[in-house]
Amino acid sequence: MPHRVTFQPYGWQRSQETPLSSEYDFSLANIGRLEAVNGLSRVQLLRPGSLLKFVPEEILIHGRDFRLLRVGFEAGGLEPQAFQVTMAIVQARAQSGQIQKYAGLTLSKAGQSPGSRKPPIPLLEISEDWETERKKQRARGWRVSTVNERFDIATSLPRYFWVPNRTLDSEVRRAFGHFHQGRGPRLTWHHPGGSDLLRCGGFYTASDPNKEDIRAVETMLQAGHSDVVLVDTMDELPSLADVQLAHLRLRALCLPDSSVAEDKWLSALEGTRWLDYVRSCLRKASDISVLVTSRVRSVVLQERGDRDFNGLLSSLVQLLSSPEARTLLGFQSLVQREWVAAGHPFLTRLGGTGASEEAPVFLLFLDCVWQLLQQFPAEFEFSEFFLLALHDSVRVPDTLTFLTDTPWERGKQSGQFNTYTQVYTAAYSQPPAGNSINPQLSVWDWDLRYSNEQILQFHNPGYNPEHCPDSWLPRQQPSFMVPGPPTSVWLFCRGTLTPLNQLCPWRDGPSLLTVSSRWLPRLAISSESLADQEWGLPSHWGACPLPSGLLLPGYLGPQIRLWRRCYLRGRPDIQVGLSAPTIAGLQNELSHLQELLRKWTPRIPPEDHSKKRDPNTILNPTEIAGSLMEQFQPFWMEISL
């Protein structure tokens, strides 16, 4: 069964070391629209199962990853095969429609067995990986629970996760039953200063827990802290339907054949709401990072399903607060833990099931990360090209990383386990039995699809190596991590901390002490950020400096930009002028700019060169080229070093 279509331009040869990475390579799942063209007016949209009505001179492959590939058939050359080639693509799309999502590829290089490969990062499929990560985070108050080892609590949860030391597995089992889809509170990240970031599903209010169950739930939410903040994750964030609609509008706008006039393009971009949603996510993540770093407390992200925006916010908070997460390996581990292992429904959200719940939340997250990379270029070890590779990998059927909805499905299809007890499975989670892929292969095995030269571009040449992850905050820092108020619980909503009388919805009376008025924060207003509120209150705590390693991004107006290298890839004219990944690419772009300057700049007579130049006088091409060379030379030297 074919899974991809690859074209080889004249004179181009595929390298044996890069079997699956080129601009001429499309997975069938990535083809969003296929068009056959003959002449100027004859165009046919080819859907799976369509019959081609003429011999095409050209076919257009519109990728769901914003790529556009134009394949021309020369007269007297490939033209007789044009009909056959086009119909082969149409038929392959029709045949792969129902099973594409479960058909992975087992890849191996010459002389290397896939089973002998060691994963580049821990895949968190065994308890030892979770224990290693727990020790790395120095989360001494937590332990690895095996209560879901056979997926008898929730198939969407990982087999292992972190719970408080003093909580028994029997209590975990009962407590998780009172949360939506069985996704109870568990640790997602331990801040070196002492705070804990947790995530969970919504309270199952229809349940009727006894006093012991309520006490277990409260113990897990408090996580040993006297200060607890419940974060309403979806407050001020878009719905899944909003994200899907914005992404569809963005893709339609960025196509080369978009009908939007150039003078109205920016207004149309604003109308997609995509950048607004990026802004909302960054603002909320920034607020939560302040909550985590300003006081020693338990911060709980609560989303009804706990599988979409909880992962997005948790990941962004760690990127803003932890230099370790900004390294190449650290970021990959972050995505594996907060998205893959945590059960984000990649297959459904990316349209692989045909269900109505399609919404590219993970792609929205990657856009947020790109925004951070633009605002803090020296803080990230990975580059924009790594984000592009990850963006494009979500639709490549080479591994099961992004081709399943739950850890249970991923493990079942890879043959990782043969016995299990299924209690909860989403309606769309019905994978067939069988072993179609090697469990050791993941999307992080970049060398199976990319050359060494391409992988080198994943590294950011402007990264400051002095940002050592091991030295930024090794122990609790009382200088800025201050204890929370005694036995207090808050709700963070609408940018404001509001005191709550109880932590769980099932109690008739308050589950925690009523918060004293002296702990009330000021109301959030547009001119005051949460950072201003947190580090300014109460006054007797004294001035607290901005924590080391914390990034607070800008999210107003032009601070949020369009990811042009990703979304405008189908328009080569727009790509010219974007910084190239190599010195040779920079030289080519500089030559192109010099050529444009020769065409556009009025010629200045030689006798005028000796005159004192007016500041508003346009430089001639030679002078501008020399100035550009002087500006670029230090950058080239830095890259070459």
Side-chain angles (χ1 to χ4, degrees), residues 180 188 197-203 228-247 249-250 269-294 297 299-321 338 344 349 357 359-372 375 489-500 505 520-534 550-561:
H180 186 65
T188 184
L197 181 64
L198 287 72
R199 61 185 289 181
C200 66
F203 293 118
V228 185
V229 178
L230 291 179
V231 177
D232 182 359
T233 294
M234 294 308 299
D235 172 58
E236 298 184 296
L237 291 187
S239 66
L240 294 176
D242 292 336
V243 174
Q244 173 65 2
L245 181 59
H247 193 260
R249 289 174 173 173
L250 178 67
L269 174 62
E270 182 180 358
T272 66
R273 300 296 306 278
W274 181 261
L275 296 184
D276 288 337
Y277 298 154
V278 171
R279 181 178 295 107
S280 299
C281 292
L282 285 176
R283 176 168 184 168
K284 185 140 193 174
S286 179
D287 285 346
I288 297 173
S289 66
V290 170
L291 290 174
V292 172
T293 56
S294 60
R297 54 168 48 126
V299 179
V300 184
L301 304 179
Q302 190 166 37
E303 177 190 18
R304 175 175 170 79
D306 181 37
R307 301 176 66 186
D308 293 294
F309 286 95
N310 266 4
L312 183 147
L313 291 178
S314 174
S315 301
L316 289 179
V317 168
Q318 293 177 60
L319 285 171
L320 293 175
S321 308
E338 300 298 334
H344 176 68
R349 294 294 180 258
E357 297 93 348
V361 180
F362 183 68
L363 302 185
L364 178 65
F365 163 69
L366 293 183
D367 197 322
C368 293
V369 178
W370 180 82
Q371 303 289 341
L372 297 178
Q375 295 191 28
V489 58
W490 311 81
L491 173 67
F492 180 70
C493 184
R494 301 289 176 181
T496 305
L497 283 171
T498 304
L500 295 177
L520 293 178
R522 291 186 298 241
L523 293 178
I525 55 177
S526 58
S527 61
E528 183 181 50
S529 68
L530 185 63
D532 295 331
Q533 298 177 56
E534 283 289 282
L550 177 64
L551 306 179
L552 293 180
Y555 41 77
L556 301 177
Q559 292 176 306
I560 302 300
R561 301 156 55 188

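Numbering of residues begins at 1 and proceeds along the displayed sequence. Since this is a predicted model, take the numbers as computed values, not measurements.
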Heavy-atom donor-acceptor pair, Arg199 side chain to Asp306 backbone, under 3.5 Å
yes
Would you indicate whether the side-chain heavy atoms of Leu230 and Cys493 approach each other to under 4.5 Å?
no
Side chain to side chain contact (heavy atoms under 4.5 Å, CB included) between Gln371 and Tyr555, worked out
CA-CA 9 Å; Gln371 303 289 341; Tyr555 41 77; over 6 Å; no
Run the side chain to side chain contact (heavy atoms under 4.5 Å, CB included) test on Leu372 and Leu282 for me, step by step, so that the C-alpha distance in whole Å, both residues' side-chain angles and the decisive distance to 0.1 Å come before the verdict.
CA-CA 9 Å; Leu372 297 178; Leu282 285 176; 4.0 Å; yes
Measuring from atom CH2 of Trp370 to atom CD1 of Ile560, what distance do you get when rounded to the nearest 0.5 angstrom?
9.0 Å
Starting at CG of Leu364, measure out to SG of Cys368 and round the result to the nearest 0.5 Å.
5.0 Å
Answer yes or no: are there more than 12 heavy-atom neighbours, outside Glu270 itself, under 6.0 Å from its atom CD?
no
If every non-hydrogen atom of Gly271 is compared with every non-hydrogen atom of Arg249, which pair is closest and at what distance?
O-NH1, 3.7 Å
Do Thr188 and Leu301 have side chains that approach each other closer than 4.5 Å (heavy atoms only, starting at C-beta)?
no
For Ser286 and Ser289 the tightest heavy-atom approach is O-OG, 2.6 Å
Under 3.5 Å, side chain of Glu303 to main-chain N/O of Asn310, donor-acceptor pair present?
yes
For residues Leu491 and Thr496, determine if any side-chain heavy atom of one lies less than 4.5 Å from a side-chain heavy atom of the other.
no
Just do the side chain to side chain contact (heavy atoms under 4.5 Å, CB included) check on Leu237 and Leu312 with the steps written out, would you?
CA-CA 11 Å; Leu237 291 187; Leu312 183 147; 5.6 Å; no
Is a donor from one side chain sitting under 3.5 angstrom from an acceptor on the other, for Glu338 and Ser314?
yes
Measure across Ala246 and Tyr277 and return the closest heavy-atom pair with its distance rounded to 0.1 Å.
CB-CE1, 3.6 Å
Give me the atom names and distance for the closest heavy-atom approach of Pro360 to Gln244.
CD-OE1, 3.3 Å
Measuring from atom CG of Leu551 to atom CG of Leu319, what distance do you get when rounded to the nearest 0.5 angstrom?
9.0 Å
Under a 3.5 Å distance rule, please check whether Ser321 uses its side chain to pair with a backbone N or O of Leu550 as donor and acceptor.
no
Within the side chain of Gln302, is there an N or O that forms a donor-acceptor pair under 3.5 Å with the backbone of Val231?
no
Are any non-hydrogen side-chain atoms of Ile288 and Leu320 less than 4.5 angstrom apart?
no
Which atom names give the shortest non-hydrogen contact between Cys281 and Leu313, and what distance separates them?
O-CD2, 3.9 Å
Please examine the side chains of Leu366 and Phe362, heavy atoms only from C-beta on, and report whether any two atoms are closer than 4.5 Å.
yes
Test your reading of the model: is there a side-chain donor-acceptor pair from Arg279 to the backbone of Gly557, 3.5 Å cut-off?
yes
Got a salt bridge between Asp287 and Lys284, using NZ or NE/NH1/NH2 to carboxylate O under 4.0 Å?
no
Restricting to non-hydrogen atoms, name the atom on Trp274 and the atom on Val243 that form the minimum distance, rounded to 0.1 Å.
CZ3-O, 4.0 Å
Just do the side chain to side chain contact (heavy atoms under 4.5 Å, CB included) check on Met234 and Phe309 with the steps written out, would you?
CA-CA 7 Å; Met234 294 308 299; Phe309 286 95; 3.4 Å; yes
Student check: side-chain heavy atoms of Ser239 and Asp242 closer than 4.5 Å
yes
Hey, are the side chains of Leu291 and Arg297 touching, using non-hydrogen atoms and a 4.5 Å cut-off?
yes
Asp308 with Arg349: basic N within carboxylate O range, under 4.0 Å
yes
